[in-house]
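Scroll down for the structure; my scribbles are underneath it.
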Amino acid sequence: MTRIDKAQSPSGRIVILTGAGISKESGLETFRDPGGIWSRVRIEDVATPEAFTRDPERVHGFYNARRQGLLSDNVRPNAAHLALARLESEWPGEVLLVTQNIDDLHERAGSRNLIHMHGELLRALCLHCRGVEVWRDDMALDSVCPTCGRAGGLRVNVVWFGEMPFEMERIYQALAGCDLFISIGTSGNVYPAAGFVAEVRGTGRGATVELNLEPSEGHSHFTESHYGPASEIVPIFVETLLQERT
């Protein structure tokens with residue numbers, strides 16, 4: 001398992017990237033796997049600004065179904081989510097969790113220093129006032145913005161294709177200064193996240209670890225890899241990391 005040199009890196013700053021593979025074991029559908037959502041629904045129809053302009057009711061319906069699934073009783077954080085929350089709590093340095101997932105399973109598990117780079121399914125963005133509010137119900141054309149009180153301007157606060165992911169400046173600053181980068185449950189083919197490992201390798205200071213069900217497209221860029229279900233390998237990795245730190 002990875003060791004961080006205490007003399008070289010006293011702060012032990014960790015950046016973790018998570019993708020759909022960590023939430024799949026909690027009962028959520030993935031998007032890009034064989035049989036995943038994008039194999040049944042065209043991106044152009046539900047996940048672009050143009051799609052929302054063309055057919056907002058269809059887009060609302062698509063994300064209403066995703067929201068209902070996320071809030072169902074059988075979807076809950078798994079052992080991998082809980083292990084990452086434990087790492088944030090017990091690690092003496094900073095742990096920043098950057099997720100590509102739009103679910104709230106990391107929050108439910110207890111993670112707090114968290115960036116949703118692709119947005120959040122349980123938040124609404126108002127196109128009238130740009131306000132962002134928690135939203136757990138279905139969304140429709142006549143839904144009223146809690147911030148400005150106007151109807152007809154709400155959309156799910158997720159990053160659609162053609163839009164810029166959130167908080168990229170903060171993410172790149174963290175990558176430039178991290179001592180350990182861990183990628184969990186990602187395919188390695190969605191940018192800019194797929195390029196994060198190269199950013200860390202380019203600094204010449206950070207160790208890079210892939211924890212995945214199988215090798216990602218960028219697996220050769222990692223200095224260490226462990227493969228298997230996230231709910232099994234992530235807790236083991238976190239336990240070992242915490243033991244080595246003491």
Side-chain angles (χ1 to χ4, degrees), residues 1-23 77-101 105-107 109-117 165 167-188 190-246:
M1 290 291 183
T2 294
R3 296 179 181 274
I4 297 178
D5 188 330
K6 295 183 183 180
Q8 180 183 359
S9 315
S11 60
R13 288 169 290 191
I14 300 175
V15 176
I16 304 167
L17 172 69
T18 64
I22 196 172
S23 294
N78 61 57
H81 295 102
L82 297 171
L84 295 182
R86 178 193 173 197
L87 180 61
E88 179 186 324
S89 174
E90 298 182 18
W91 189 254
E94 180 184 10
V95 176
L96 174 64
L97 180 55
V98 179
T99 186
Q100 296 172 277
N101 300 332
L105 296 178
H106 283 303
E107 287 93 338
S111 292
R112 294 295 176 261
N113 194 23
L114 174 66
I115 295 175
H116 279 274
M117 63 178 294
E167 298 197 59
M168 292 307 300
E169 182 177 355
R170 181 184 169 196
I171 292 170
Y172 281 122
Q173 286 178 347
L175 293 171
C178 78
D179 302 293
L180 174 62
F181 172 69
I182 309 170
S183 178
I184 303 172
T186 65
S187 62
V190 179
Y191 284 85
F196 289 174
V197 61
E199 289 287 329
V200 177
R201 290 289 296 271
T203 67
R205 60 171 288 169
T208 55
V209 179
E210 177 171 78
L211 306 177
N212 218 6
L213 186 61
E214 57 189 18
S216 69
E217 289 192 13
H219 69 94
S220 61
H221 295 294
F222 291 89
T223 55
E224 182 179 333
S225 301
H226 302 276
Y227 299 114
S231 61
E232 296 178 10
I233 63 174
V234 173
I236 293 172
F237 184 85
V238 167
E239 177 67 29
T240 303
L241 196 61
L242 290 172
Q243 288 180 358
E244 290 179 347
R245 190 61 175 177
T246 58

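Note that the structure is a prediction, hence the values are computed from the model and not measured. In what follows, every heavy atom counts, from backbone to side chain, and hydrogens, waters and symmetry copies are set aside.
Side chains of Leu105 and Asn78 form no contact here, defined as non-hydrogen atoms less than 4.5 Å apart. In this structure the side chain of Asn212 never reaches within 4.5 angstrom of the side chain of Ser225, judged on heavy atoms. Counting heavy atoms from C-beta on, the side chains of Glu94 and Ile14 never come closer than 4.5 Å. The shortest side-chain heavy-atom distance between Leu180 and Leu241 falls under the 4.5 Å cut-off. Residues Val234 and Val238 form a side-chain contact, since some pair of their non-hydrogen atoms from C-beta on lies under 4.5 Å apart. Looking at Phe181 and Val197, their side chains come closer than 4.5 Å, going by heavy atoms from C-beta outward. Side-chain contact between Glu210 and Tyr227 is present, with at least one heavy-atom pair separated by less than 4.5 Å. For the pair Met117 and Arg170, the minimum side-chain heavy-atom distance is 4.5 Å or more.
The salt bridge (Lys or Arg N to Asp or Glu O under 4.0 Å) pairs that include a residue from residues 227-242 are Arg86-Glu239, where partners are two or more places apart or lie in different chains.
For the atom pair OG (Ser23) and CD1 (Ile184), the distance works out to 11.0 Å, reported to the nearest 0.5 Å. Between the CD atom in Glu167 and the OH atom in Tyr172 there is a gap of 13.5 Å [rounded to 0.5 Å]. Atoms CD1 and CG, from Ile233 and Leu213 in turn, are 8.0 Å apart once rounded to the nearest 0.5 Å.
Checking side-chain atoms of Thr208 against main-chain N and O of Thr223 turns up a donor-acceptor pair under 3.5 Å. Of the possible polar contacts, one joining the Thr203 side chain to the Val200 backbone as a donor-acceptor pair under 3.5 Å is found. A side-chain donor-acceptor contact under 3.5 Å links Arg112 to the backbone of Glu107.
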Original post:
Checking side-chain contact (heavy atoms from CB on, under 4.5 Å) for the pair Phe222/Ser183: CA distance, chi angles, key distance, verdict?
Top reply: CA-CA 9 Å; Phe222 291 89; Ser183 178; 3.6 Å; yes
**OP:** Before giving the answer on side chain to side chain donor-acceptor pair (under 3.5 Å), spell out for Thr99 and Thr18 the whole-Å C-alpha distance, their side-chain angles and the decisive distance to 0.1 Å.
**Re:** CA-CA 5 Å; Thr99 186; Thr18 64; 2.8 Å; yes
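Inspection of the His106 and Glu88 side chains reveals no N or O donor paired with an N or O acceptor under 3.5 Å. Side-chain contact of Ser187 with Glu217: a donor-acceptor pair under 3.5 Å is absent, judged by distance alone.
Closest approach of Leu17 and Ala193 over heavy atoms only: CD2-O, 3.8 Å. The shortest heavy-atom contact between Ser220 and Arg201 is O-NH1, 4.4 Å. Gly188 and Ala194 make their closest contact through O-CB, 3.4 Å (heavy atoms, listed as atom of the first residue, atom of the second, distance). Ser216 and Thr186 make their closest contact through CB-O, 3.6 Å (heavy atoms, listed as atom of the first residue, atom of the second, distance). Arg205 and Gly177 get closest at one heavy-atom pair: NH2-O, 3.4 Å. Residue Ala79 comes nearest to Pro235 through the heavy atom pair O-CG, 3.7 Å, listed as atom of the first residue, atom of the second, then distance.
Taking the six-membered ring for Trp and thresholds of 30 and 60 degrees, His226 and Phe237 have ring planes inclined between 30 and 60 degrees apart.
Here the options are Asn113, Ile171, Ile16, Leu114, the test is side chain to side chain contact (heavy atoms under 4.5 Å, CB included), and the partner is Val98; only Ile171 passes.
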